[in-house]
Amino acid sequence: MLRSTLFLLLLSPAVALAQVTTSVSGLSLTVPETDKVFRDCSHSVTVTWAANVQGLACSDLLLWSTTATTCGDKPANGDIPYRSIPQAELTSRRTNTFPVAVSGLPGFNATDGGSCGVQGVELQFRLCGAYTHSTLNCDTNSPVVHVADAPVLTYDTLPPPVPEIAQVNALDRALSVSVNSTGASVIHIEVRRAPAAEPTPDAGGTAGPDDGGSSLDAGNPSDAGALADAGDPGDGGTLLDAGLLLDAGDPSDAGQIADAGNVTDAGSLADAGAAPVDSGEEFKERVSFTPEVSFGRVTDLENGVTYEIRAIAEDGAGNRSAPSASVFAAPVQTDGFFSIYRKAGGGEQGGCSAIPGSTFTLLALWAASRVARKRTR
Amino acid sequence: MTRTSLLLTFASVVAFSGIASAEALSRQETPKTAAFEFKLGGYKPLMDDAPGLTDPKPYQTTFGAGAMLLLELETDYQLWQKIGSLGVGFSIGYAEKYGAALVTKTGQPAGERTSLKVLPLHLMGVYRFDYAALNYILPLVPYVKAGLVYTPWWMEKGGHVEYFEGVRAVGGRWGYSGTLGLSLMLDFLEPRLARDFDSDMGVNHSYFFAEYVHENVNNFGLGGSSATGSTGLDLSSRRWMFGLTLEY
């Protein structure tokens with residue numbers, strides 16, 4: 001008896017909760033993720049509304065957009081209303097779509113004196129909706145059903161912050177570039193041959209006392225200054241040791257400092273597949289990668305030639321930042337394991353190494369003789 | 001008293017395993033024709049010891065003293081089963097090792113990686129002495145394997161196959177191998193589970209094993225062309241492998 005009572009006591013709140021959950025009226029507005037951020041005034045967004053009316057709808061469903069951070073119960077001054085859904089149509093579960101033109105959003109509408117096309121701004125708009133309902137009788141106290149989690153549209157013509165080249169690794173006929181950025185969805189790497197006045201890295205130079213094997217932080221002037229050779233124009237052409245890592249900080253220091261030693265998994269980097277960069281021409285975009293990848297690999301470069309590298313960030317709306325400070329680096333010839341092995345005297349020539357015919361013949365003859373001897377016993 | 005207790009405990013464990021083995025024996029086994037092995041071990045090719053190589057030794061210089069982790073899958077087909085089983089087996093493995101490439105002019109570590117990758121293939125004869133494990137209380141199965149080895153290899157730099165003086169760093173080396181191993185039959189630990197494993201899945205016995213592999217993979221010391229006397233890449237090794245066998 002006691003057990004039954006306990007069971008009922010435990011069960012009843014769960015049942016009540018289930019009833020409440022299923023009897024709540026709701027309203028949702030949905031916008032495709034790809035349509036939420038834009039910079040084009042001719043852009044139009046298709047919004048899907050869905051109403052789940054439990055009981056009676058006591059008003060029309062109002063739909064509007066606002067620049068306010070909250071929606072409220074109905075459109076306020078300055079908000080842009082869209083067509084309302086008549087109360088009579090709000091029965092049970094209803095859903096439909098309506099278009100929202102960017103040029104008609106609050107502040108962009110000709111009637112409120114604004115116009116779309118402002119550059120260098122990031123404006124947010126909320127899409128709102130509301131209706132009142134009651135489970136029994138509609139009156140002035142009937143509760144309002146708001147949009148759960150109102151979608152936010154972003155008009156974005158503000159370029160992302162200028163990225164910063166954190167590190168450049170000199171590879172064999174290639175460079176790998178890592179970039180620090182905020183707010184970017186894509187990083188573009190542009191490359192060109194360095195103008196003649198820029199110092200030429202010397203892959204065969206001797207490491208200075210500060211070239212001990214750790215990478216330098218990009219943008220840290222103290223790092224640049226700490227290197228004895230930095231900034232000395234007379235050292236042009238011999239400043240870089242091995243061309244492995246370059247400081248990416250102050251543009252004036254670019255190309256003057258190097259540090260050997262950091263190892264990067266070049267195989268995991270995005271490959272650039274464009275034509276070789278020609279001498280003395282404009283920057284060419286050679287590789288693009290997402291910030292998650294963090295490295296871009298520019299290939300088909302010439303060893304020993306100094307290249308000027310810069311990064312550009314692009315955000316989700318397609319805005320491009322100004323180019324980063326330039327970094328100078330030169331690819332260097334490297335030896336992989338096969339070269340190391342061969343230079344150590346290894347005689348391997350590759351290929352499938354078919355067993356020399358004489359060896360197999362000898363083995364076959366030996367096996368045959370053993371079998372023959374066994375049979376004669 | 002303590003010694004007596006220990007002896008009694010040992011005796012009961014032996015008796016239990018004997019009973020378990022007897023129980024395992026008493027059942028109707030499904031036919032047993034093959035075995036599958038999964039094994040892991042450290043593979044360090046003896047290439048630095050090959051004749052004709054100068055110091056510094058290339059493997060040591062590039063990859064250090066560590067071995068490669070070799071994963072192998074093997075399947076054996078049993079041709080004869082009386083006192084033990086005799087069969088033929090084939091295995092395929094894979095191992096890779098990464099290190100920093102070196103800047104040509106300075107010899108310093110470069111900003112890209114280089115790797116050695118091997119895919120050892122074995123064709124071998126296998127003899128397992130499982131008579132004692134199947135008929136007596138001793139759950140240990142010694143075995144030997146011997147056969148031919150062919151090891152395709154390739155070397156990469158910066159994620160691509162490397163070239164040196166026009167030679168592509170891809171090839172294969174022949175050799176031979178011999179293996180001594182010892183398996184621990186696991187059936188006595190859970191006889192009923194082992195019986196169900198057989199009746200449901202057809203797996204007669206399962207084993208943990210350790211084996212010592214002695215293999216010479218250097219094209220039998222022939223071939224190669226080097227002024228230093230090197231006969232090419234030596235992928236020979238002496239290694240321990242550990243794994244699990246399923247006999248079915």
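This is a predicted model, so every value here is computed, not measured. Just so it is clear: chains get the letters A, B, ... in the order the sequence lines come, proteins before strands, and each one is counted from 1.
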K.L.:
Using non-hydrogen atoms only, which part of B/F63 is less than 4.5 Å away from chain A: side chain, backbone, both, or neither?
P.N.:
side chain
K.L.:
Salt bridge or not for B/K39 and B/E74, using N-O below 4.0 Å?
P.N.:
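Yes, this pair counts.
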K.L.:
Shorter than 4.5 Å, heavy atoms on both sides: which option in B/V170, B/L233, B/T62 has the most such pairs with chain A?
P.N.:
B/L233
K.L.:
For B/P152, which atoms come within 4.5 Å of any heavy atom of chain A: side chain, backbone, both, or neither?
P.N.:
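It is neither, since no heavy atom gets under 4.5 Å.
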K.L.:
Is it true that B/D130 and B/K32 have a side-chain N and a carboxylate O under 4.0 angstrom from each other?
P.N.:
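Looking at B/D130 and B/K32, the cut-off is met.
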K.L.:
Can you tell which of B/R113, B/K117, B/K97, B/R168 makes a salt bridge (charged side-chain N to carboxylate O under 4.0 Å, His left out) with B/E156?
P.N.:
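So the option named by the test is B/K117.
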K.L.:
When only pairs under 4.5 Å are counted, which of B/K157, B/M47, B/M155, B/E162 shares the most heavy-atom pairs with chain A?
P.N.:
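Of the candidates given, the most pairs with chain A belong to B/E162.
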K.L.:
Check this for me, if you would: do A/R173 and B/E112 make a salt bridge, where the nitrogen-to-carboxylate-oxygen distance has to be below 4.0 angstrom?
P.N.:
no
